[in-house]
Amino acid sequence: MIGEIIKIALLCIVIGGASIPIDFTITSNPWIVWIGNALGSLISALVVIRIGDRITDKKFKHKASKFRVGKKVVEVFDEGDDNKKVQKAGSFINRHGLKLFSLICPIFPGVLLSTSAVYVLDLDKKVYKRWMPIGVIFVSWGYVFAYWWTMTKVT
């Protein structure tokens, strides 16, 4: 059972929510698929959070700006500070629905892209980190059991 969960989590890390149909070839138990899928989504989100925290750190920006590639990365993040549309979108999401963003975004565009958007738009990371795992758990539950239910009712 643990081996199946690890396989499913690795598949979820690699191909995201699209792994659910493949996961059912590993096991037909929707609970195991759900646990593995949620675990994989959380691990991939935590990796992006770790990288995002590291890239947005002032010490890292200072060190990275000494190198050519690092300078480009720092410039991209600093461009968001000057872009009025990015600032407006970030402040709107922070004010009106970061919790909803955290709960809904695992559906679309997915955990990796929504976590990246939090760092690019400079949203409130504490609120996102608190609500994103809840969204991942509920969304993966919904995906897995909807797929399982439709496939068992159809066949």
Side-chain angles (χ1 to χ4, degrees), residues 1-57 60-61 64 67 69-70 72-80 83 85-86 89-90 92-94 96-155:
M1 180 170 89
I2 302 237
E4 293 171 339
I5 291 173
I6 292 171
K7 287 178 192 174
I8 292 169
L10 289 173
L11 270 172
C12 184
I13 289 170
V14 173
I15 58 177
S19 70
I20 291 173
I22 300 168
D23 296 342
F24 278 103
T25 62
I26 295 172
T27 180
S28 61
N29 187 342
W31 292 101
I32 293 174
V33 172
W34 173 51
I35 291 169
N37 196 281
L39 182 66
S41 293
L42 289 174
I43 289 170
S44 60
L46 291 174
V47 167
V48 172
I49 287 171
R50 175 73 175 127
I51 292 169
D53 284 343
R54 177 101 169 126
I55 289 175
T56 56
D57 185 41
F60 179 78
K61 281 184 176 182
F67 301 102
V69 174
K72 297 254 186 214
V73 171
V74 170
E75 285 175 10
V76 168
F77 273 95
D78 289 343
E79 281 177 9
N83 191 334
K85 289 183 181 181
V86 171
F92 180 80
I93 293 172
N94 267 334
H96 298 296
L98 187 57
K99 291 177 185 175
L100 184 65
F101 177 82
S102 303
L103 291 172
I104 299 295
C105 277
I107 298 170
F108 181 79
V111 178
L112 290 175
L113 291 176
S114 61
T115 304
S116 301
V118 167
Y119 285 92
V120 170
L121 296 174
D122 197 28
L123 301 176
D124 187 358
K125 292 156 192 71
K126 288 182 183 177
V127 172
Y128 181 75
K129 289 175 187 176
R130 222 175 304 139
W131 285 88
M132 181 268 309
I134 297 167
V136 165
I137 290 168
F138 284 120
V139 166
S140 63
W141 178 84
Y143 275 174
V144 167
F145 284 96
Y147 183 83
W148 174 77
W149 185 74
T150 54
M151 288 301 118
T152 57
K153 293 293 182 186
V154 172
T155 56

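Everything quoted here is computed from the prediction, not taken from an experiment. Each residue takes its place number in the sequence, starting with 1.
- Taking CD1 of I20 as the reference point, atom OH of Y143 lies at 7.5 Å (rounded to 0.5 Å).
- For S140, the side chain to side chain contact (heavy atoms under 4.5 Å, CB included) partners at least two apart in sequence or on another chain are W34, N37, A38.
- Scanning for side-chain hydrogen bond (donor to acceptor under 3.5 Å, both in side chains) contacts around T115 gives Y128, with sequence neighbours left out.
- Evaluation of the side chain to side chain contact (heavy atoms under 4.5 Å, CB included) rule for P133 yields L42 as partners, not counting sequence neighbours.
- Contact of the F24 side chain with the V144 side chain is registered, since non-hydrogen atoms from C-beta on lie closer than 4.5 Å.
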Would you list the atom pairs, donor with acceptor, under 3.5 Å between side chains in residues 8-18 and any protein atom, with sequence neighbours excluded?
none

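- Side-chain contact between M1 and N29 is absent, with no heavy-atom pair separated by less than 4.5 Å.
- To the nearest 0.5 angstrom, M151 atom CE is 14.5 Å from S28 atom OG.
- Among residues two or more places apart in sequence or in another chain, the salt bridge (charged side-chain N to carboxylate O under 4.0 Å, His left out) test is passed with D53 by K129.
- Taking the six-membered ring where tryptophan is involved, the planes of F145 and W141 are tilted, since the angle between them lies from 30° to 60°.
- Sequence neighbours left out, not one pair with a member in residues 4-29 passes salt bridge (charged side-chain N to carboxylate O under 4.0 Å, His left out).
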